[in-house]
Each structure stands twice: as structure tokens, then as C-alpha cells.
Protein chains: 2
Amino acid sequence: MTTTHHVAELARELSRSLTEMRSYLRRHMQCKIKEHQLDISFELVEILAYLWRKDGVNQQEIADIIIKDKSSTTYLIDNLVKRDLVKRVEDGNDRRNKLIYLTPEGRLLQEKFYPPVIALFETATQGIQVAAMEKAILLINKMNDNLKQSL
Amino acid sequence: MTTTHHVAELARELSRSLTEMRSYLRRHMQCKIKEHQLDISFELVEILAYLWRKDGVNQQEIADIIIKDKSSTTYLIDNLVKRDLVKRVEDGNDRRNKLIYLTPEGRLLQEKFYPPVIALFETATQGIQVAAMEKAILLINKMNDNLKQSL
DNA sequence: ATATATTAGTTTGAATTCAAACCAATTTAT
DNA sequence: ATAAATTGGTTTGAATTCAAACTAATATAT
């Protein structure tokens, strides 16, 4: 096996491990959602999680953060609006924009989800050093830069 | 910010970077698919890619490798069967199993896709050392083990 | 030997996802 | 100033995904 193929193999393996991790995270969150008997999907919680940190952002920002395309984001935000968890507000500075704000109900959900989310990440990172994680992030971000530039 | 929250934050950031990478890989592959004017989806190619290395595996194995649930795998394999790229063969050793084999057409596609897949991973890993990649894989697999054990 | 639990694959229903096309608003180029 | 390009969000269509339920086959427990 040449070096090239070895690297390709590692990249493939990395991609697979990443997919697996994503899958586990999703499953765990689904368990939490069930425990709390909440009628909400993992994908909606994902958006809410970002809004809990900072709301009043436009849809494109949300799409960038959660790595989904515009139409998926519209679909999910429509859903959140329907459940009265967020509201859309026109942006006075740029009429193309819709700013997404949490409603009081949307904020309340944070109490239910914040501790389990933290616990989940703690579980995931048990026995792993901060420095190692930082290196992994840098590596993947480097890969993402490489891929981004060739699109 | 406490250490716990710092780690949770890094885990979140890692998860996002991973999702981003997955998204880029998918987009790149879509470009290749378009270039070759092939009527096939990224998800189907993903399965074929594993079969090119080793066919004659049951569906559950495929599902494990591509990290999808059983029903999604059935759906995609149905699709591949419909396009005459793979065939299902009953497993004499265990009647529950269906073994999935490539057809001659399915094999032919390898020529089209193998070089661009390698090129893609090369692009992704440019400027990245093998040792660093191996460390990242180990780290993510450790995280996956942690998550798996608590499901 | 029989009952129970587990496994592989299928079916069903609904949610999610993306690509493509579109429109209005804004930015950039001429 | 005007034309062209880009951007944010929406709509549409089809593919994909998962959860839940199911059946037949196999493994495990009694």
C-alpha cells in the first residue's frame, strides 16, 4: 500500500468514525427527549441549542452553524414557529433577512436540555485530554479548509 | 468557564467540524457524479464503495459499516438491485441473511469512482501528517466507545 | 424439549434533507 | 446611474432517514 492510499484509507476511516459519533450523539439525545416525554426532534433541539446561546440571528447564520442547506433550515424553523418556540422578525437593516428569536417557551426548554447535553459531552470525552481534542479539531478544520477551497 | 464546560464546548465544536467535513465530502462526490453524468446518488456510491472492497456481505454488515439503520439500508439496496448494480442471494448458512453481491455493471463503476475518491481524500488530507490522523481516529473511536457503552 | 429472547430483513409512516428554481432585496461592476 | 451578480428565504419534488412494528429464523434460557 502506497502512502497515498494509506492516507486515503485513514481519511475514510476518520470519516466513518465521525459518522458513527454523530449517530451516537443523536441516539443519546433521542433518549433524553423521550425521558422528558417531549414532542420535539433532535434536529429542532439542535437549532434551539444555538439560539439559547444567541438568538436574534438570521436563518443563513443558523444554516451555517448547523451545517444544513437553506431549505432544510426553513423547514425546521417553520416547525419551531408552529410550536411557538421561536418567532421570525423582519430585519430593519436588510429586508432579505428574517431574524429568529426565542419565545419564552423556547427559553424554558433550556433548563430541560442544558444539563443532559453537558452530561452527554462529558460522557463522550471521558478519559480524553483537552489538548488532544484541540488537536483533533484543528486537524478536521484543516481538512475542511482543504475541501472548501476545492469546491 | 469550568473545565467541564470547556470540554463540552470542545466536544460540541468537534461534532460541528465533523458534520461540516461530512457535508463537504458529500458535495465533492456529488460533483464527480455530475461530471460523469451518472444517475446515481452519493448514498448508493457509498455502499458500492464498500462492496468493491468486499462483496458477498449481509445487509446488517453493510448497515454497520455505513452507519445507517436497517430500513435505510434495505431501501438503498433495493435501489441498487433495481439498477442491476447488486443482487441479493440467500445465505445457505443462516436463512435470515441476504448476501449482497456486485453485478458486473456494479463492478464496472469502480473504474469511474476509485480515482476521484482517492483524489478527494488526498485533497482533504493535504498538509496533514499520518500520525496526526491516526491520533484523531483513535480519539474519536475512544469517544465512540464511551458513547456506545452508555446507550 | 420447549419457551423465551435475539437477530436479519421488510414494511409503514412521517420527518428531514438536498437540489433546483424562484423572487425580492442588496451589493458589486460597469 | 444602470446592469449584472450575489444573497436570504421560500417553494417544490424526490430521495433519504429513522422509529416502530412485524415476521421468520436462529440463539439462548429453562
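Every heavy atom of this structure was used, including side-chain atoms; hydrogens, water molecules and symmetry mates were not. A note on names: the letters A, B, ... follow the listed sequences, proteins ahead of strands, and every chain is numbered from 1.
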[X] [atom1] to [N] [atom2]: how many Å, rounded?
{"X": "A:Lys68", "N": "C:dA19", "atom1": "NZ", "atom2": "C1'", "answer": "16 Å"}
{"X": "A:Tyr75", "N": "D:dA15", "atom1": "OH", "atom2": "P", "answer": "17 Å"}
{"X": "A:Glu46", "N": "D:dC18", "atom1": "CD", "atom2": "P", "answer": "14 Å"}
{"X": "B:Glu90", "N": "C:dG9", "atom1": "CD", "atom2": "C1'", "answer": "11 Å"}
{"X": "B:Arg26", "N": "C:dT17", "atom1": "CZ", "atom2": "P", "answer": "12 Å"}
{"X": "B:Ile77", "N": "D:dT16", "atom1": "CD1", "atom2": "P", "answer": "13 Å"}
{"X": "B:Arg95", "N": "D:dA27", "atom1": "CZ", "atom2": "P", "answer": "13 Å"}
{"X": "A:Asn79", "N": "D:dT10", "atom1": "CG", "atom2": "C1'", "answer": "16 Å"}

Below 4.0 angstrom from OP1 or OP2 of [N], is there any side-chain N or O of [X]?
{"X": "A:Lys34", "N": "D:dA20", "result": "yes"}
{"X": "A:Asn93", "N": "C:dT26", "result": "no"}
{"X": "A:Ser72", "N": "C:dC18", "result": "yes"}

Is it true that the side chains of A:Gln126 and B:Asn146 contain a donor and an acceptor less than 3.5 Å apart? no

Pairing donors with acceptors under 3.5 angstrom, does anything connect the side chains of A:Gln149 and A:Asp145? no

Electrostatic pair B:Asp64:A:Arg16 at N-O distance under 4.0 angstrom: no

Do the charged groups of B:Arg26 and B:Glu46 touch, with an N to O distance under 4.0 Å?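 The answer is no: the pair does not qualify as a salt bridge.
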
Applying a 4.0 Å non-hydrogen cut-off, can you work out what [X] is touching in the nucleic acid: base, sugar-phosphate, or nothing?
{"X": "A:Asp78", "result": "nothing"}
{"X": "A:Thr74", "result": "base"}
{"X": "B:Ser41", "result": "sugar-phosphate"}

Could you list the protein-to-nucleotides 5-8 of chain D atom pairs, N/O on both sides, closer than 3.5 Å?
from	atom 1	to	atom 2	distance (Å)
D:dT7	O4'	A:Arg96	NH1	3.4
D:dT7	O2	A:Arg96	NH1	3.1
D:dG8	O3'	A:Asn97	OD1	3.0
D:dG8	N7	A:Lys70	NZ	3.2

Please examine the side chains of B:Leu85 and B:Ile40, heavy atoms only from C-beta on, and report whether any two atoms are closer than 4.5 Å. yes

Pick out which of A:Arg83, A:Lys87, A:Arg88 makes a salt bridge (Lys or Arg N to Asp or Glu O under 4.0 Å) with A:Asp78. A:Arg88

Which nucleotide wins on minimum distance to the side chain of [X], given the candidates [options]?
{"X": "B:Leu76", "options": "D:dT16, D:dA20, D:dT12", "result": "D:dT16"}
{"X": "B:Leu44", "options": "C:dT17, D:dT16, C:dA19", "result": "D:dT16"}
{"X": "A:Arg88", "options": "D:dT16, D:dC18, D:dT10", "result": "D:dT10"}

Going by side chain to side chain donor-acceptor pair (under 3.5 Å), name the residues that satisfy it together with A:Arg107, two or more places apart in sequence or in a different chain. A:Asp55

Please compare B:Gly92 and B:Asp69 by the position of their nearest nucleotide in DNA chain D and report the one closer to 5'. B:Asp69

Which value, rounded to the nearest 0.5 Å, describes the distance between B:Leu76 atom CG and B:Gln59 atom CD? 10.0 Å

